[in-house]
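Here's the structure, in structure tokens; my notes come after.
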Amino acid sequence: MPEWLLLIPQRLLHSVEIEFTRYLVGAAGVALLYWLVRGIIEHRRIQPRRATTADRWREFRQSVETICVFAVVNLLTFALIRAGLIPINRGAPDLPILVAQIVVMVVLHDAWFYWMHRTLHHRMLFRATHAAHHRSRTPTSWAAYSFAPGEAVAESIYIPIMFLAISWVAPIQPWSVFIFLGHQIARNAIGHSGFELAWPGFTRSWLTGWLTTTTHHDLHHTEGRYNFGLYFTWWDRLMGTEHPRYHERFEGVVRRQRDAAVAAA
């Protein structure tokens, strides 16, 4: 039996362990942190409705299924690396290349996500793919990976494609992958957290307005037709898919008086 065939179960299990650990650190980490400071941030809750325990368990179960799909897709990345098609830098990190790769990975991922996301909203695909994620009308950080199998493939297949493209310019820096994946799960978990912690004026400032907020993605879960971006607002603004009342809704949350909101809760 070929050696690479024997490595498949080992690589599959290792990938599940890594993906599950990353998910738990992101989803559980944000959930725990926000629970610890709940008295301070309650007035920043975006929706009056609260997710139920059943909602959270559903999000967790679907996320575990997604992790298994991610692990299978990751075998393609492993195969491409083993075949020498994705060269990896095994030496000391090259800082300029490291930083450049992180920036490129994030920008490419945002573009991939926007167009993949809009495609899955097509009426011929939505029910079979993206509808499972939209069962979270009031999402929590546990919804970060709450996808149907079809969407899980669409979400993860960009990794080997992106690595192939980037490695044509320079070997992949392992630290760039680690930082990119950490950033991805952190932004994903925060984006589904249900609390807006940014400051007033954030969405209109030239310094920060190009970054998505939790309100940005929360509006997508409640109204569906807008706000398809992941990290940046560029594509939504360019394509006319930003929610027409996004800034108003955002300011309505961040300018809410703390004492009144806590009393209402």
Side-chain angles (χ1 to χ4, degrees), residues 26-27 30 34 41 44-51 55 59 62-63 66 106-127 129-148 150-152 154-155 158 183-256:
V30 168
Y34 283 22
I41 66 172
R44 292 296 192 92
R45 184 184 293 276
I46 298 170
Q47 297 184 32
R49 179 188 183 274
R50 296 170 184 259
D55 290 330
E59 292 170 345
Q62 287 185 171
S63 293
T66 291
V106 171
V107 171
L108 286 180
H109 187 206
D110 183 73
W112 174 282
F113 183 87
Y114 177 86
W115 289 106
M116 177 273 299
H117 194 184
R118 281 197 69 179
T119 300
L120 296 188
H121 269 265
H122 190 281
R123 59 194 179 112
M124 294 180 64
L125 297 173
F126 183 79
R127 181 172 295 182
T129 57
H130 198 47
H133 187 65
H134 273 273
R135 291 179 65 191
S136 297
R137 295 282 291 177
T138 305
T140 73
S141 61
W142 297 103
Y145 284 172
S146 183
F147 310 132
E151 179 170 4
E155 294 271 0
Y158 81 92
H183 169 266
Q184 180 269 330
I185 189 60
R187 290 290 301 275
N188 201 345
I190 291 170
H192 288 93
S193 66
F195 290 89
E196 183 54 75
L197 303 187
W199 52 89
F202 184 97
T203 65
R204 296 186 185 274
S205 170
W206 66 271
L207 285 172
T208 55
W210 47 279
L211 295 168
T212 57
T213 62
T214 304
T215 302
H216 187 275
H217 192 65
D218 200 274
L219 280 170
H220 177 75
H221 274 263
T222 56
E223 300 191 30
R225 297 176 295 165
Y226 305 101
N227 298 3
F228 297 95
L230 180 58
Y231 306 129
F232 311 117
T233 59
W234 302 330
W235 286 106
D236 279 309
R237 292 180 179 181
L238 180 64
M239 303 307 298
T241 55
E242 184 172 84
H243 194 287
R245 298 181 63 193
Y246 166 48
H247 302 289
E248 178 185 342
R249 297 283 185 87
F250 172 84
E251 293 295 335
V253 174
V254 300
R255 295 187 183 279
R256 190 182 296 154

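Nearest heavy-atom pair, Thr66 versus Ala152, reported as atom, atom and distance to 0.1 Å: CG2-CB, 3.9 Å. Of all heavy-atom pairs spanning Ala144 and Asn188, the tightest one is O-ND2, 3.0 Å. For Leu211 against Phe202, the heavy-atom pair with the smallest separation is O-CE2, 4.0 Å. Considering all non-hydrogen atoms of both residues, Ile46 and Glu196 come closest at CG1-N, 3.9 Å. Considering all non-hydrogen atoms of both residues, His221 and Ser136 come closest at ND1-O, 2.7 Å. What you find for Ala154 and Leu120 is that their closest heavy atoms are CB-CD1, 4.5 Å.
Residues passing the side-chain contact (heavy atoms from CB on, under 4.5 Å) test with Leu197, sequence neighbours excluded: Tyr34, Ile41, Arg44, Phe195.
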Exercise. Please walk me through it: do Val106 and Phe232 pass side-chain contact (heavy atoms from CB on, under 4.5 Å)?
Worked result: CA-CA 10 Å; Val106 171; Phe232 311 117; 3.7 Å; yes

For this session: Would you check, one step at a time, whether the test side chain to side chain donor-acceptor pair (under 3.5 Å) holds for Arg187 with Thr212?
Result: CA-CA 9 Å; Arg187 290 290 301 275; Thr212 57; 2.9 Å; yes

For this session: For the pair Thr129 and Glu151, evaluate side chain to side chain donor-acceptor pair (under 3.5 Å) and give the outcome as yes or no after the intermediate values.
Result: CA-CA 5 Å; Thr129 57; Glu151 179 170 4; 5.8 Å; no

For this session: Give the C-alpha distance, both sets of side-chain angles, the deciding distance and a yes or no for side-chain contact (heavy atoms from CB on, under 4.5 Å) between Tyr114 and Asp236.
Result: CA-CA 8 Å; Tyr114 177 86; Asp236 279 309; 3.3 Å; yes

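Using a distance-only test at 3.5 Å, with no hydrogens or angles considered, no donor-acceptor pair links the side chain of Asn227 to the main chain of His220. Judged by distance alone, with hydrogens and angles left aside, the side-chain atoms of Ser63 form a donor-acceptor pair with the main-chain N or O of Ser146 at under 3.5 Å. Distance alone, capped at 3.5 Å, places no donor-acceptor pair between the Thr138 side chain and the Arg50 backbone. In this structure, the side chain of Arg256 engages the main chain of Arg45 through a donor-acceptor pair within 3.5 Å.
Here the two rings, on His192 and His133, have centers that are under 6.0 Å apart. Remark: aromatic rings of His109 and His183 are distant, center separation not under 6.0 Å. Taking the six-membered ring where the residue is Trp, the centroids of His243 and His216 are separated by 6.0 Å or more.
Ring geometry for Phe147 versus Tyr145: interplanar angle of 30 to 60°, hence tilted.
Sorted pairs that involve residues 106-123 and meet salt bridge (charged side-chain N to carboxylate O under 4.0 Å, His left out), not counting sequence neighbours, are lacking altogether. Every pair passing side-chain hydrogen bond (donor to acceptor under 3.5 Å, both in side chains) that includes a residue from residues 246-255 is listed here, sequence neighbours excluded: Thr203-His247, Thr213-Tyr246, Glu223-Arg249, Arg245-Glu248, Glu251-Arg255.
Contact of the Arg137 side chain with the Gln47 side chain is not registered, since no non-hydrogen atoms from C-beta on lie closer than 4.5 Å.
Considering Tyr158, Trp112, Phe228 as possible partners of His117, the one that fulfils the ring-ring contact (aromatic ring centres under 6.0 Å, His included) test is Phe228.
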